[in-house]
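Notes follow once the structure below has been shown.
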Amino acid sequence: PEREKDYRERSPVFFADRIQDPVAVFQGGADPIVPREQTEQIVQALKANGVPCQYQLYPDEGHGFKRSENITDLYKRIEGFLQENLAGK
């Protein structure tokens, strides 16, 4: 509670209306640092504002991804996201 002002000033969810560019979000379902609910809140806000947003949840990952199959999937999704949103711009 004593740091509420700091969190409010630094949390992107309170500034989602300013975001205009496409965003890719990757979340570990077991992340102890960034709760899934917070991630999904910003994703919902982006979508509500019409911002193209890709969201991928990896249920078996924490804050840093460690499983090779998830890392491979992550990079494939990043590549696709960049091709879709940056190619030819």
Side-chain angles (χ1 to χ4, degrees):
E2 65 274 355
R3 305 265 334 255
E4 181 178 351
K5 181 178 179 246
D6 292 335
Y7 286 113
R8 190 166 194 69
E9 289 174 353
R10 296 175 187 168
S11 176
V13 76
F14 296 108
F15 304 99
D17 60 327
R18 296 183 191 174
I19 300 171
Q20 298 176 353
D21 296 321
V23 178
V25 179
F26 304 96
Q27 172 73 33
D31 188 335
I33 297 169
V34 180
R36 179 178 172 181
E37 296 78 22
Q38 287 181 2
T39 299
E40 291 176 353
Q41 185 179 15
I42 188 73
V43 168
Q44 288 174 353
L46 292 170
K47 289 181 178 181
N49 291 333
V51 176
C53 185
Q54 175 184 336
Y55 172 55
Q56 180 61 43
L57 174 68
Y58 295 98
D60 55 351
E61 293 286 5
H63 191 66
F65 302 153
K66 302 207 183 316
R67 298 178 185 275
S68 62
E69 62 272 15
N70 292 341
I71 294 169
T72 299
D73 183 72
L74 170 75
Y75 283 117
K76 286 181 182 178
R77 290 177 186 274
I78 291 171
E79 180 182 26
F81 176 83
L82 292 173
Q83 286 178 347
E84 182 179 325
N85 293 285
L86 296 179
K89 294 189 179 191

Show your reasoning for whether side-chain contact (heavy atoms from CB on, under 4.5 Å) applies to His63 and Val34. CA-CA 7 Å; His63 191 66; Val34 180; 3.7 Å; yes

Kindly determine whether Leu74 and Tyr58 satisfy side-chain contact (heavy atoms from CB on, under 4.5 Å), including the steps that lead there. CA-CA 9 Å; Leu74 170 75; Tyr58 295 98; 3.8 Å; yes

Determine, stepwise, if the pair Lys5 / Glu9 fulfils salt bridge (Lys or Arg N to Asp or Glu O under 4.0 Å). CA-CA 6 Å; Lys5 181 178 179 246; Glu9 289 174 353; 3.2 Å; yes

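In this structure, Glu40 places its CD atom where more than 12 heavy-atom neighbours from other residues, nucleotides or ligands lie under 6.0 Å away.
Atom-to-atom distance recorded for Phe65:CZ and Ile71:CD1 is 9.0 Å, nearest 0.5 angstrom. The line from CG of Leu46 to CD of Gln41 is 11.0 Å long, rounded to the nearest 0.5 Å. Taking CD of Glu84 as the start and CD of Glu79 as the end, the distance is 12.5 Å to the nearest 0.5 Å. Note: Thr39 OG1 to Tyr55 OH = 6.0 Å, rounded to the nearest 0.5 Å. Between the CD atom in Glu4 and the OG atom in Ser11 there is a gap of 11.5 Å [rounded to 0.5 Å].
The closest donor-acceptor contact from the side chain of Asp73 to the backbone of Glu69 lies at 3.5 Å or more, if one exists at all. Formation of a donor-acceptor pair under 3.5 Å by the Asp31 side chain with backbone atoms of Ile33 is found in this model. The main-chain N or O of Pro59 is never found under 3.5 Å from a side-chain atom of Gln27 such that the two would form a donor-acceptor pair.
When all heavy atoms of Ile42 and Ala16 are compared, the pair lying nearest together is CD1-CB, 3.8 Å.
Val13 and Tyr7 are assigned to two separate hydrophobic clusters, defined by single-linkage of ILVMFWY side chains at heavy-atom distances under 4.5 Å. Following chains of ILVMFWY side-chain contacts shorter than 4.5 Å, one cannot reach Leu82 starting from Val23, and the two form parts of different hydrophobic clusters.
When side chains are defined from C-beta on, Gln56 does not count as touching Val25, because their heavy atoms never get closer than 4.5 Å. Counting heavy atoms from C-beta on, the side chains of Asp60 and Arg67 come closer than 4.5 Å. Within the 4.5 Å cutoff, side-chain heavy atoms of Phe26 are placed close to those of Gln54. Side-chain contact between Val51 and Asp21 is absent, with no heavy-atom pair separated by less than 4.5 Å.
For the pair Arg3 and Asp6, the salt-bridge criterion is met [side-chain N within less than 4.0 Å of a carboxylate O].
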